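Below is one structure; the comments refer to it alone.
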Amino acid sequence: MTDASLETLRCRAAALPSLRELLGDPARLAALHCEGAGITADFSRQRVRLEDRDALLAYATARGLAQGTEQLFRPNLLNPTERRAVLHTALRRTPEETPLMLDGVDISAAIAEALRRMGRIAEDLRSGRWRGATGAAITDVVHIGIGGSFLGPALACEALGPCTGPQLHFLANVDGVAAQRTLAGLDPTRTVIIVASKSFSTLETQVNARTVRRWFLNRGLSEGDLKHHCLAITTQLDAAAAFGIPPEQCLPLWDWVGGRFSLWSPMGLPVAIAQGMTTFEALLAGARAMDEHFRTADGAHNLPLLLSLFEFWNQNVLGTQSHAFLPYADALTQLPAYLQQLEMESNGKSVTADGQPVPEATGTILWGTVGTNGQHATHQLLHQGTQPFSATFVFPRRGAPGLEDHQRWLRAHCIAQAEAFARGLTEAEIRASLTEAGVEPEEAKRLAPHKRLPGNHPSSLLIIDQVDAHSLGALLSLHEHKVFCHGMLWGINSFDQWGVEFGKVLGDTLYAAQAPQGDVPALSASAEASLRAALPTDGKP
Ligand code: F6P
C-alpha cells in the first residue's frame, strides 16, 4: 500500500472530523479559498482537512495527472476507441499563438478561417444584409440540433440575455410537438435554419430538419429558394449537400472536437447571431483564461483539479451517490442540463481506456435546479433524505441592476443552503430553541426528530463577478477540465460515448417494426406488446 493509494485515502476518512468541526479552523478556511480566471472557489465546505487535500494531490500525481494535463493542449490520442485526438482547447487559442500541427495540417489556420466565416454570417444576419428568397430581412433563426449540438448554444443564448439580433429558437426533441411549437408564428420568408449536426446523421436532427424543409416548401418557397434559408454546421459536407445545403453555406467541425465540447467551434454560431461576434470572442477568452489557469496553477490552487479531487473524494471515499448542481442565477437555469451531458456522457463508463473493468464507482449522477426555486421543490430531500450527496453552488456577485435587494436575498439563501448542508441542525439545538419559544418540553421532544437535519453534506461554492460571456466561458472550461481530471483519476476514456449507440440501433428496429406492412419483427414479445399498447387506441396512425 503506497501513500498515494485509494486504500490510504479511505483509511484517512475513517478518522475524519465532521464538517461542523472542520469549519471553525481559520487556517483551513483561508487555504481552501482559491482564485482562477475570475472565479473564486470556496472549498471550505468540503469535508477534508488540509492534509487530506495534500494526500489527494499526491494521488492525482500518482495517477499521472501532472503530466497528463498538458496532453489536452497538444496533438494527442486521448480518444483511442474512436482513434481521435481531443483538441477542443485549440478552438480558444489566440490567433497569435504558434501553429498547431495535427497530421501535418495547421489546425489553427483552419479554426481562424472558420471563425471568420462564422463572424461574417452572423453579422450579415444581424445587420439585415442577409435577405431571404423574397428579399425580406431575417427576423428568426431556428437552430436544429441535439445533445452537444444544442445544449451549449441554447445555454449561452439564454444566459447572455435577450437577443440583439434575430430571434433564436432551438429545436432538439424529435417529438413533433416541439417542431410545431417552434414554427408556430414564424414567417418562412424571414426565417433561416441552422442544421447543426457533427455527423449529419443524428435521427432527431434529420427528422426535424426534413420537417422544417417541408414547412418552407409548403409555405410557398421553392427548392431553389432554400439556399437563402438554410445553413449547416457539420463535418459531413456531402451529406449536407445531399440535403440541399451547399458547401459555401456549411460551417466546418472537426473530428478532434467532441459534440459536448463543441460550443467553442462554429457550433457557437447562435451565440454570435444573438449577441454578436464580440460576445462570442469574450466567451472564448473566458475559457482560454481557465485553460491557462489549469495549465499553470499549482495543485493546491488549481480549480479544475481541486474540484475534481474533492468530488472524487466525496464519491469514491465518502460514498456520495449524486451531485446537486445549484446555480443561484436565473440566467444559468440551463447549466445543470449542459453539465449533465458533459459529466454523464463523458464519464459514464465502466472500463478503463485499455478495456479493463474499473473497480470504483465511476461517472457522476449530476442533477440540479436553479436556486432559489429548488429550495421549494427538491431541497427537502437534500436536507433530510437518506441518500448521501455533494453539491456545487454558483453565485454571481452582481445581479439585476437596480434590484440589489433581490441579490441580497439570493446571496443570503445561497450561503444559507450551503451552511445548512454542512452544519445540519441537532435535536438538542431544536429542543433548546423550541423551549425558548415557549413550547412545552414534551412537545419539543416529540418534534425534535422531525426537525433534525443531519448535515455533513460537502459542497463547493463558485463565485463569479456576474453572468457574462467571459465568466460563462471560464465556468464551462472549468467543468470540462474537471471532467477530464476525473477521467484520468478513474483511468477511463472520457471522450467516447458508445453506450448511446445501442439505443439508436434498437430505436431503428422498433421504428421499422411499426411500418404498415408489418414484416419487421419487434425485438421481443414484450417490445411488441409495448408497441401495441403505445399505439393510439382509435386505430388511427
Ligand atoms: O447522443 C450522442 C451524441 O453523439 C452526442 O455525443 C452528440 O452531442 C449528439 O449525439 C449529437 O450528435 P451530432 O452533432 O452528430 O448530431
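All values below come from the heavy atoms of this structure, side chains included, with hydrogens, waters and symmetry mates left out. Remember, predicted model here, so these are calculated numbers, not experimental data. Order of appearance sets the numbers: ligands from 1, and atoms from 1 within every ligand.
Near Ser197, meaning under 4.0 Å from one of its heavy atoms, ligand 1 places the atoms 13 (P), 14 (O), 15 (O), 16 (O). Residue Val500 has at least one heavy-atom neighbour below 4.0 Å for each of these atoms of ligand 1: 1 (O), 2 (C).
Nearest non-hydrogen protein atom to atom 14 (O) of ligand 1 is Ser149 OG, 2.6 Å. For atom 8 (O) of ligand 1, the nearest protein heavy atom (residue, atom name, distance) is Gly148 N, 2.7 Å. The nearest protein atom to atom 9 (C) of ligand 1, hydrogens excluded, is given as Ile146 O, 3.7 Å; this is a heavy-atom distance. Shortest contact from atom 6 (O) of ligand 1 to any protein heavy atom: Glu345 OE1, 2.7 Å. Among all protein heavy atoms, the one lying closest to atom 15 (O) of ligand 1 is Ser199 OG, 2.6 Å. Closest protein heavy atom to atom 12 (O) of ligand 1: Thr202 OG1, 3.4 Å.
Among residues two or more places apart in sequence or in another chain, the side chain to side chain contact (heavy atoms under 4.5 Å, CB included) test is passed with Arg63 by Tyr59, Leu489. With sequence neighbours left out, the side chain to side chain contact (heavy atoms under 4.5 Å, CB included) criterion links Pro246 to Glu248, Gln249.
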Next on the checklist: Pair Glu123, Arg120 - check salt bridge (charged side-chain N to carboxylate O under 4.0 Å, His left out), show working.
Outcome noted: CA-CA 5 Å; Glu123 207 30 59; Arg120 268 201 303 272; over 6 Å; no

Next on the checklist: I'd like to know whether Arg92 forms a salt bridge (charged side-chain N to carboxylate O under 4.0 Å, His left out) with Asp291, so could you lay out the CA-CA distance, the side-chain angles of the two residues, the decisive distance to 0.1 Å, and finally the verdict.
Outcome noted: CA-CA 9 Å; Arg92 49 232 191 185; Asp291 292 344; 2.8 Å; yes

Next on the checklist: Could you walk me through whether Lys482 and Glu343 satisfy the salt bridge (charged side-chain N to carboxylate O under 4.0 Å, His left out) test, starting with their C-alpha distance in whole Å, then the side-chain angles of each, then the deciding distance to 0.1 Å, before giving a yes or no?
Outcome noted: CA-CA 9 Å; Lys482 177 214 153 177; Glu343 293 263 0; 2.7 Å; yes

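Ion pair Arg295/Glu70 flagged as a salt bridge, since at least one NZ, NE, NH1 or NH2 atom sits closer than 4.0 Å to an Asp/Glu carboxylate oxygen. Residues Lys349 and Asp496 are paired through a salt bridge, judged by an N-O separation under 4.0 Å between the basic side chain and the carboxylate.
Put simply, part of Gln341 is less than 4.0 Å from ligand 1, judged by heavy atoms.
When the heavy atoms of Lys198, Gln206, Arg260, Lys504 are ranked by distance to atom 4 (O) of ligand 1, first place goes to Lys504.
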